[in-house]
Amino acid sequence: MRISELLSLQAIDVNASVASKAETIDYMTRLMEKSGNLNDREAYKKGVLAREEEGTTGIGEGIAIPHSKCAAVKRAGLAAIVVKDGVDYESLDDEPADLIFMIAAPETGANVHLEALAKLSTILMDTEFKESLVKAETAEQFIQMIDKKEDELDGKNEKKAMEASKDGYRVLAITACPTGIAHTFMAAESLDMKGKELGISIKVETQGADGAKNVLTAEDVENAECIIIAADKKVDLARFDGKPVIITKVADGIHKADELLHQAVSKNVPIYHHTGAAQAADDSSENESVGRRIYKNLMNGVSHMLPFVIGGGILIALAFLLDDYSIDPANFGKNTPVAAYLKTIGEFSFGMMLPVLAGYIAMSIADRPGLAVGFVAGLVAKSGSTFANPAGGEVNAGFLGALFAGFAAGYLVLLLKKMTSKLPQSLNSVRPMIIYPVFGILTGSMITTLINPLMGIINDGLTSVLNSMNGTSKVLLGMVVAGMESVDMGGPVNKTAYVFGTSQLAEGNFEIMAAVMAGGMVPPLVIALCTTFFKNRFTQKERESGLVNYLLGLSFISEGAIPFAANDPLRVIPACVAGSAAAGGMSMLFGCTLRAPHGGIFVLPTIGNPLFYVLAIFAGSAVGCLILAVLKKPLKNDRDS
């Protein structure tokens, strides 16, 4: 199938006018609907937005390729727009996008359309061709250019297939992205083009949505000097055991092909030793620091834990909101049937927090065999059982206990894998079916049980310190955790503060979570206020983007401020940190509490001392806005100011 068969004149606009990423997606889904490719535009749009939450499809170099594969798609299709002045699409290089293709892929049926989509991703790597598309004056001319370029590509591929290297390839590569549609093929083309430019023979296997293409053979692997894995999903690396392997993300395959190829032929690449499991492309790299590995394993647990915490926390908060305190103060939250049901379900969800955290930390370390061991070890940490007291008993191991349980379970399974690696091949099936679950669960639970008392002492001590805080120390704590929310807005520092806040919910310290959420709401509000009241500091596009940050800030989505922070970090970040710290400190000073770990202004009725909480947030936002206005000087030559 050719690219032109997926495009229609109704789905192309060579002079589109869109002001933001959200507006772009909305407009392009309407074009897709107009071309007859969709059953349900809203459902398809949700699929596109869900893909964007996994990571931007703004490739860089002015190109974006939003896409979705879902049941709302009637038949495969493309939509395309040209935005002459570009639009802020939150691209990987932070540059505006002026050429945007949207892909609609049906959930079921043949994947023949993926061949055309692979071609699209490939031809867009040609900078001159991309610029010619941007200059197209009509939709007809746009399609004609693509047809011509596709004919050239088909000829090159045919010639390449006839030029098999007798001496093999110096470098091999695998590219893969979660959806296997766009990034996969763009990374492959970038590596291939750069290889030709540098005179380095390279063969690239693409693991796309329709399976692996251009598969690397055993002979290819044997003759290659190095293998590059540019992927954002799990890739089976067993066939590369004993070979030099570079493991990186798919975006580096697109934007850092030059560096990767020079490194590949440098003779200075670590040898890969297979551990017996498929690995995420960026996991277990010998070049990766210990701290980075620990952080990634922890974040895998946290990311899977948060839906349980957020869903359960909000349901519990709603139960308190809907209950009647006067019926039975001691049973508040379960006095009425509706409240009791909500609180019970919320407690079920919230109760999964520690086992899920431990389970997915263990899975990140030891792959699937670690999941069950981590879950059970997490349950043991949650229960607080101990062998230390002959009469039995419980300790409050809490979040720290589950954290330890997850890492202990993961590394225990790795140890079991190593200890059983010499078993005869005929007994290989015994390892995952019996040895890992039986010995892993038993040993992991015993280790967690033995360490629970120590974790309990630490956890109780921390809780006591936090509960005893008052006055200046309490305000200072609020300022620190809230300020951390603005340091990297969704990055490691931000997540550390957020995880600390959610962990304290289980201990009954609701004031800390309130300060954390206040700190996270402030950065987008700082941007929104400053672009509204100090317009001459910003371009027209920035002012338009700033308006969206009102909604993002009120919804506790700190990431809305990231494009501004990326463009001007030395001014934006200090202003946001100061504003967040002020809001967090005031929240603590006013004694505001929050039982729900997310929701922003939408969970205001569940917040303790809500009016003063709103005051704290807007006061902090005003502080950040004024500081940013002072730090940012008026633009001199902005025609739109």
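As a basis for the values below, the full set of heavy atoms in this structure was taken, side chains included, without hydrogen atoms, waters or symmetry mates. Along the sequence shown, the residues carry numbers beginning at 1.
- Considering only residues two or more places apart in sequence or on other chains, His304 meets the ring-ring contact (aromatic ring centres under 6.0 Å, His included) condition with Tyr360.
- For the pair Val269 and Val245, the minimum side-chain heavy-atom distance is 4.5 Å or more.
- Shown here are the side-chain hydrogen bond (donor to acceptor under 3.5 Å, both in side chains) partners of Thr29, two or more places apart in sequence or in another chain: Arg41.
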Full working for side chain to side chain donor-acceptor pair (under 3.5 Å) between Thr532 and Tyr550: CA-CA 10 Å; Thr532 299; Tyr550 280 112; 2.8 Å; yes
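- Taken to the nearest 0.5 Å, the CG atom of Asp88 stands 12.5 Å off from the CD atom of Glu23.
- Listed by chain and number, the residues in a salt bridge (charged side-chain N to carboxylate O under 4.0 Å, His left out) with Asp258 are Lys194 (sequence neighbours excluded).
- Considering only residues two or more places apart in sequence or on other chains, Ser486 meets the side-chain hydrogen bond (donor to acceptor under 3.5 Å, both in side chains) condition with Ser580.
- At least one donor-acceptor pair under 3.5 Å links the side chain of Thr56 to the backbone N or O of Glu90.
- Within the model, atoms CD1 of Ile81 and CD1 of Ile100 stand 4.0 Å from one another, a figure rounded to the nearest 0.5 Å.
- Looking at residues two or more places apart in sequence or on another chain, you find a salt bridge (charged side-chain N to carboxylate O under 4.0 Å, His left out) between Glu52 and Lys21.
- Sorted by first then second residue, the salt bridge (charged side-chain N to carboxylate O under 4.0 Å, His left out) pairs that include residues 127-136, not counting sequence neighbours, are Asp98-Lys130.
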Candidate pair Phe240 and Leu216, rule side chain to side chain contact (heavy atoms under 4.5 Å, CB included), full reasoning: CA-CA 11 Å; Phe240 307 128; Leu216 308 179; 4.0 Å; yes
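- Remark: the backbone N or O of Phe538 is paired with a side-chain donor or acceptor of Arg543 at under 3.5 angstrom.
- Residue Ile202 holds its CD1 atom at 5.0 Å from CG of Leu261, rounded to the nearest 0.5 Å.
- For residues 545-554, there are no salt bridge (charged side-chain N to carboxylate O under 4.0 Å, His left out) pairs, not counting sequence neighbours.
- Here Arg75 pairs with nothing under the salt bridge (charged side-chain N to carboxylate O under 4.0 Å, His left out) rule; sequence neighbours left out.
- Nearest heavy atom pair, residue Val522 against residue Cys576, reads CG1-O, 4.3 Å.
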Below 3.5 Å, can you tabulate the donor-acceptor pairs from side chains in residues 10-18 to any protein atom, sequence neighbours excluded?
from: Gln10; atom 1: OE1; to: Ser8; atom 2: OG; distance (Å): 3.4
from: Asp13; atom 1: OD1; to: Asn15; atom 2: N; distance (Å): 2.9
from: Asp13; atom 1: OD1; to: Ala16; atom 2: N; distance (Å): 3.4
from: Asp13; atom 1: OD2; to: Tyr27; atom 2: OH; distance (Å): 2.5

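- Shown here are the side-chain hydrogen bond (donor to acceptor under 3.5 Å, both in side chains) partners of Glu205, two or more places apart in sequence or in another chain: Gln207, Arg239.
- Counting heavy atoms of neighbouring residues, nucleotides and ligands inside a 6.0 Å radius, atom NZ of Lys46 does not exceed 12 of them.
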Derivation and outcome, side chain to side chain contact (heavy atoms under 4.5 Å, CB included), residues His262 and Leu198: CA-CA 9 Å; His262 276 110; Leu198 298 175; 3.9 Å; yes
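- Lys256 pairs by the side-chain hydrogen bond (donor to acceptor under 3.5 Å, both in side chains) definition with nothing, not counting sequence neighbours.
- In this structure Phe142 satisfies the ring-ring contact (aromatic ring centres under 6.0 Å, His included) test together with Phe101, sequence neighbours excluded.
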